[in-house]
Each structure stands twice: as structure tokens, then as C-alpha cells.
There are 2 protein chains.
Amino acid sequence: MTLPNDPALSDRTSDALTAAHLYYMQDLTMDAIAHELHTSRSSISRLLSQARATGLVDIQIRSPLDATSSLEKVILDRYRVTAHVVPVPDHASDVDRLERVALSVARILGQFFDSNMTMGIAWGSTMSAISRHVTPKTTHNSHIVQLNGAGNMRTTGLDYASEILRRFGDAYGAHVEQFPVPAFFDDPATRQAFWRERGVTRLLEMQGRLDVALFGLGSPFSDVPSHVYAGGYLEDGDYDALSRDGAVGDVATIFFRADGSTDGIALNERSTGPEFSVLRRTPRRICVVSGSSKLASLRGALSARLITDLFIDEGTARALADS
Amino acid sequence: MTLPNDPALSDRTSDALTAAHLYYMQDLTMDAIAHELHTSRSSISRLLSQARATGLVDIQIRSPLDATSSLEKVILDRYRVTAHVVPVPDHASDVDRLERVALSVARILGQFFDSNMTMGIAWGSTMSAISRHVTPKTTHNSHIVQLNGAGNMRTTGLDYASEILRRFGDAYGAHVEQFPVPAFFDDPATRQAFWRERGVTRLLEMQGRLDVALFGLGSPFSDVPSHVYAGGYLEDGDYDALSRDGAVGDVATIFFRADGSTDGIALNERSTGPEFSVLRRTPRRICVVSGSSKLASLRGALSARLITDLFIDEGTARALADS
DNA sequence: AAGCTGGCTGAACATATGTGCAAGGAGCGG
DNA sequence: CCGCTCCTTGCACATATGTTCAGCCAGCTT
């Protein structure tokens, strides 16, 4: 594998840049551009695709503020959270919803992340879907930090989580800080010991100084269990305990009740995710939700004041607003 | 004439917003969107056109900094000015060049102008072309201020200039402050008297506190004379005087020499444009140039340090860099 | 209420854009 | 230097998008 880099890349990139200019700023047709650049129309088509895919061309949608959907207004008023409702037809499947919400988030995320920033991200099916679509944006001196461990009894889980992290890191040109620990320790004492290791404290400190946090929601007792619950991270006994403790959901493997409280939920003692008091230090906390099976979990997360920005599919948003 | 406003408009706008989301964020095809929105594909096409035209959808091109064209680098190094080179084929006519540069500027201008800002603008064929294409952007408490008078012996010139101003004002939802005076007074004393009128001093003060200034260049002695020179603003005697005084160009009807100096150019005493010492207080001064006939004038304006941002067609940029 | 106007719609057609494929060319290892 | 792979190109076709036009409806005038 060769690394196609700066010297050669420049040429193609600057062509793409020119083509984009001619197409998007001057409204020339691809045919005309092909002529100016002495190549074929198809090449221009491909060049422009690349320009969009690599973030050279950035397409944003700016609501005139006064035209925000009434749903978003209701959610803001009721929960003090900036909602971004993703339009999705009501009859769409859960997979569709997730995919479409993830795509939207992936496209918009660049507006929240910039040079010199640190972003914490969780893992799970939602994050995975987003990671597959992130639109690149060049940043400098920026970091992506893993919020919680991903190992389990069957696999190290590293491949899965690190793949997600890596995609974000690649897209933004950011340093990636993995967190190579299991999702849950067997013994709380082990965690405490680990937390005193220097490599680990460094990472925990970064988690305490995030600019952005990005996470989905777990919903252990819904019809469509999240990745954590299907992936062999938890045993039957754990489920029973969670149920007894009244947990309705989790963020980065920290569980909470309907009222947002976490105290006394035994499993949290063994979890590797950041305590909510730490997470809440992050100024912008972006939660991505799709599918009404997450509704109970979402209400809990809102009670816990974990969320500042919420991306949510239309149907679920309506359910939230109607309740 | 009815004013189609908020109540009804909202509906169409929010549809456009949804369609834009589905098209640009979720990559649905127009057909699919038509289906979701229960309308025809053609309507979606029109809806999306409108969304782009009204600035709901904002398309930007972001060079990765390290990929700025070498031309732009040379100009920055030599003149300390941020150049934006507009690609235009060498064989293009002067009219083409002007039109294409103007279109590019019109699209990008929104990035320089925002709420609570005041922008001064000149008039002339360049500004007119830009005004015909400005992409709307909603701002609040912003102002557009006319830099120099536009009346002449034949007409009040008000229609022409005010049309330009109005287009900018409409596009940005900005207050428009016209400057209802001739381009040149016959007698310098009249100007001085006028300048003490309260209505006028208010405007002059605004000119001294601009956030952005936008102007083209006049080039009195080139093959393709600018609007000022063709529009009956100047008489033969004026030309002779300018020639004697060594003028090579003007910005907002203030003339300058090749070295950027303005002192002792008689016509300036009667002109209504802002003195360069005043203009230079504006932090961002955007100059738009197309066609190599403006080259001499451009060099003068650069010497006068009038420009912070330069939009220029490729051929002229190359000529500037090669010299 | 009839008649008019202007704006909006969808069907049909005209263009513009995306993509599979075979061919050509650069780089590399033998 | 050959033969290989991998990447890129332009052509031809498949899709997607833009635009014209006739019909319709709402709102207004008479």
C-alpha cells in the first residue's frame, strides 16, 4: 500500500477545487467545466463527487431561526435542549431511521468540531453508523477521546471500538486516544486500581476537559436492545440487578433511572464510562437517538441533564413532545 | 401588490427546509422526497431551487489552506492581501470575466457580512453585476451604506445606484442608507457646505465606522473605461486634469496615482467619496477586479493599501503576479 | 356569480449527471 | 524488458434533474 501524499495529491485536489468553484460558484455545467479543464465530463462528475465526499465542498442548511419546526420549539421549551429533528417518514423501519439520523449527524457534526478541540465519543450501533459517514474536515491539534472501555469476555472489543474512533480521527485529522479497558470490570477494586495508573489518569483528565461529547443511548429493557446488551458484555445476573435498581438506560455504560439518578446502581461501580458529574463539565453534549424504543431511556437522560444538543428522528421527537 | 408573508410563507419555507434536509443531508433522490412529501418530483425540484436561491441551502468551498493556489500565495507574499482567484479561461471575453467574478463574489459575500454589521458599498458596473446575484442571508440590525454620490448632469443617477443598494439590502435584510448627492460637485465649496448638514454628517460618520467595504476599481485611461467615465459624470476638461495630475484609477470616485497618493489631484476636492484615510479605518476592504485593463489601477490601489481582500479573475491575477 | 389574473401543479419532454465497463498507462518486481 | 497490478480515463448507457406547457384553483373585480 502506498501513501498518496501531498506532492501528487495537490494536483488532483486543486483540480477538484477549481471544478467545485466553477460548478457551485459559477453555475457552469459539468460539460463546460470538462472543456475548460481539458478532460471528459465523467471525470468532472467524479472530481466533484470527491470534492463533496472529502469536505472540500461544504453544504449547510440554515434555518432562518424563526422557521424552526414547532417540534424543536416544544422540546426546547420543555427540556431546555436544542433539538435537531431529522425528517423520516413514519412508516420507516428502525434500521432506516437509525441510518438516516446517523447520516444527518455525520454531515452536520463538522459544525460542532474544530481545531484545538477535544471530542469524547462513545461506541455502539448509533456511533458506528455515524462513523461510517462522517464528512471529513481538516482540523489541527484536535483530539478524539474514547469515553468508555469496550472489551468483553468474548473479544477484546478493541477492533470494534477502535474502528469507530479511527474513522472519526481520520475524517478530522485528529489524534485518537483509545481507552483499552473492558466495558465493565469484574471487580470494582480492579477499576480503582487501574484508575490510578498514569496512562489511565491522563485519559481521565482529558475526559474531564472535553469540548464536545457525542453519544447514543442504551435502552436495556426495550424490545430492540442496544449493542451493549447484545454483545455479550452483560450476564443474566447483571440484567436482574439493573432491573432491581430501576435502571432505564445508559450513556457510555453508566446507567441511570427515569429521574436521572445513578446512585446505588451497582453495575456503575464496575463500569468504565465517565461519571455524569464529570460528563456534565463538557459544554456541548450531543445525543443521537432514533427509534421510539429509546424513549424511556431518553427521558431519563434528559432528567439527568446529560444533553445539550439532541438529534432525533421525527417520529420519536413527536412522541417525546406529545407525552 | 400583496405582501406574501410570515403566516403563509412559513409553510412553503418549512417544506423547502425539509426537502433540503432530505436531499442534501440524507442523499435521497428527488423522486423519493416527492413521495415522502406527497407531491410531484417537479415540485421538489422547484422547492430545492428556491431553497438554494434564498440561501436556505448554503454551499461553501473550503480550501485546506495548504492547497491555496500558488497565485494566491504570491499575491499574499508580495502585497499582504488575501487574494481569491476566480478561475476563468484565458480566452473569455471581458464581459464574461466580469460576470463570472461577480457571480463568485455574490455567492461568497455572505461569509463576510453578518448581523450587527455595517457594509459600505460603491457603485459601478462591477458592483451592479454583483448586486444582481447576491445570495440572500438573513441578518439583523445590519446596515448598507452608500460610499459615494451617484448624481450627474444628465440624471440624478439615483435610480441606478439605489437599485444596486436595494438589492444588497433586500438580500441581507439590511437597512439601506443612500447618499443622495451628485458624484462630483461643481464647486468644492458646495461640498464643504453640504458636509456640515446633519443628515450628511450622520452618513459620513457611518462611513467612518464600517465593518466591511466593497468596491470595484475605476480605470480612467484604459481601453475599457469604467461606468463613471462613460456615464457623463466627467467632462473633457476633467480628463485632462486627471491626466495632468497623474491619476491611474479611482475607488469610489476618489482618484489616486500609481504610487497610491491622492494629494493634489484637483478632482478629489469635488468628489463625494470617502477619503482614503477614512476608508482605511474599515477592517475589511474587499476589492473586486476583472480584466487586465484594470491592472494599472489595481497596482495603485494596492500601493495605497486600500485593499485587504481581493477578488480577481485568473488571467489578471497572473498578470499581477508576473509583473 | 361570471370573468379575470396570477401563481401553482404535474405530465411530458429536454438536459444534465452518475456509473459499468473496456482500454490505456504508470509503477513495480521479477 | 516483460508482465503484472492498480488506478485512471472516456464512452455509452442508465438515472436523475430542470423546464415547458396546459390546466386548475384562489382571490379579486365587476
Side-chain angles (χ1 to χ4, degrees), chain A residues 1-59 61 67 87 89 100 103 107 133 135-136 170, chain B residues 1-59 61 67 87 89 100 103 107 133 135-136 170:
Chain A
M1 182 167 95
T2 66
L3 291 175
N5 264 342
D6 293 348
L9 179 134
S10 267
D11 206 34
R12 191 176 174 82
T13 302
S14 80
D15 268 3
L17 225 38
T18 309
H21 224 112
L22 295 173
Y23 191 75
Y24 289 106
M25 297 287 119
Q26 296 187 22
D27 291 341
L28 294 207
T29 151
M30 293 189 182
D31 238 334
I33 300 174
H35 197 260
E36 287 197 15
L37 264 52
H38 307 291
T39 177
S40 77
R41 195 182 52 71
S42 3
S43 296
I44 299 297
S45 170
R46 287 185 272 250
L47 217 48
L48 287 172
S49 301
Q50 187 205 300
R52 279 181 309 246
T54 57
L56 280 189
V57 172
D58 179 27
I59 302 186
I61 295 182
R100 291 175 60 163
L103 193 49
R107 295 284 169 85
H133 301 290
T135 310
D170 284 357
Chain B
M1 180 167 93
T2 67
L3 290 176
N5 264 341
D6 294 348
L9 178 135
S10 268
D11 205 35
R12 191 175 174 82
T13 302
S14 79
D15 267 3
L17 224 37
T18 309
H21 224 115
L22 294 173
Y23 191 76
Y24 290 107
M25 296 289 119
Q26 296 187 23
D27 291 342
L28 295 206
T29 151
M30 292 189 182
D31 238 334
I33 301 174
H35 198 261
E36 288 197 17
L37 265 53
H38 307 292
T39 176
S40 76
R41 195 182 53 69
S42 354
S43 297
I44 298 297
S45 170
R46 286 184 274 247
L47 219 47
L48 286 172
S49 302
Q50 187 206 300
R52 281 181 307 248
T54 58
L56 279 190
V57 172
D58 179 29
I59 302 185
I61 296 182
R100 293 174 60 162
L103 193 49
R107 295 283 170 85
H133 301 292
T135 310
D170 283 358

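Note on naming: letters A, B, ... go to the chains in the order of the sequence lines (proteins, then strands), and numbering restarts at 1 for each one.
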Self-check item: A/Ser43 side chain near D/dT8 phosphate (N/O to OP1/OP2, under 4.0 Å)
Solution: no

Among the nucleotides C/dT9, D/dG18, D/dA16, whichever has the atom closest to the side chain of B/Ser45 is D/dG18

From CE of A/Met30 across to C1' of C/dT19 the rounded distance in Å is 13 Å

Here the distance between atom P of D/dG18 and atom CG of B/Asp31, to the nearest Å, is 12 Å

Rounded to the nearest 0.5 angstrom, the CG-CZ distance for A/Leu47 and A/Arg52 is 10.5 Å

- Task: Establish, with yes or no, whether the OP1 or OP2 oxygen of D/dT9 is under 4.0 angstrom from a side-chain nitrogen or oxygen of A/Ser42.
- Result: no

Here the distance between atom P of C/dA11 and atom CD1 of B/Ile44, to the nearest Å, is 13 Å

query = Between B/Arg107 and B/Ile59, is there a donor-acceptor pair closer than 3.5 Å when you use the side chain of the first and the backbone of the second?
reply = no

Rounded to the nearest 0.5 angstrom, the CE-CD1 distance for B/Met25 and A/Ile61 is 4.5 Å

Whole-Å distance, B/Leu48 CG to D/dG18 P, equals 7 Å

Applying side-chain contact (heavy atoms from CB on, under 4.5 Å) to A/Leu37 and A/Leu22, what does each step give before you reach the verdict? CA-CA 10 Å; A/Leu37 264 52; A/Leu22 295 173; 4.2 Å; yes

Separation of C/dG10 atom P from B/His38 atom NE2, nearest Å, is 12 Å

*B/His35 atom NE2, over 12 foreign heavy atoms within 6.0 Å*: no

Closest to the 5' end of DNA chain C, once B/Ser40 and A/Leu28 are matched to their nearest nucleotides, is B/Ser40

**Prompt:** Using a cut-off of less than 4.0 Å, is there contact between a side-chain N or O of A/Tyr23 and OP1 or OP2 of C/dT17?
**Reply:** yes

Between CZ of B/Arg46 and P of D/dT20 the distance, given in whole Å, is 10 Å

Notebook entry, point to check: Quick one: is B/Arg41 getting a side-chain N or O under 4.0 Å of the C/dC13 phosphate, OP1 or OP2?
Noted result: no

Atom CG of A/Leu37 and atom C1' of D/dT9 are separated, to the nearest Å, by 15 Å

Remember a base hit wins even if backbone is also touched, and classify A/Ser49 as base, sugar-phosphate or nothing at under 4.0 Å, heavy atoms. nothing

From CD1 of A/Ile33 across to P of C/dG18 the rounded distance in Å is 11 Å

Checklist entry - With respect to the phosphate group of C/dT17, does any side-chain polar atom (N or O) of A/Arg52 fall under 4.0 Å of OP1 or OP2? => result no

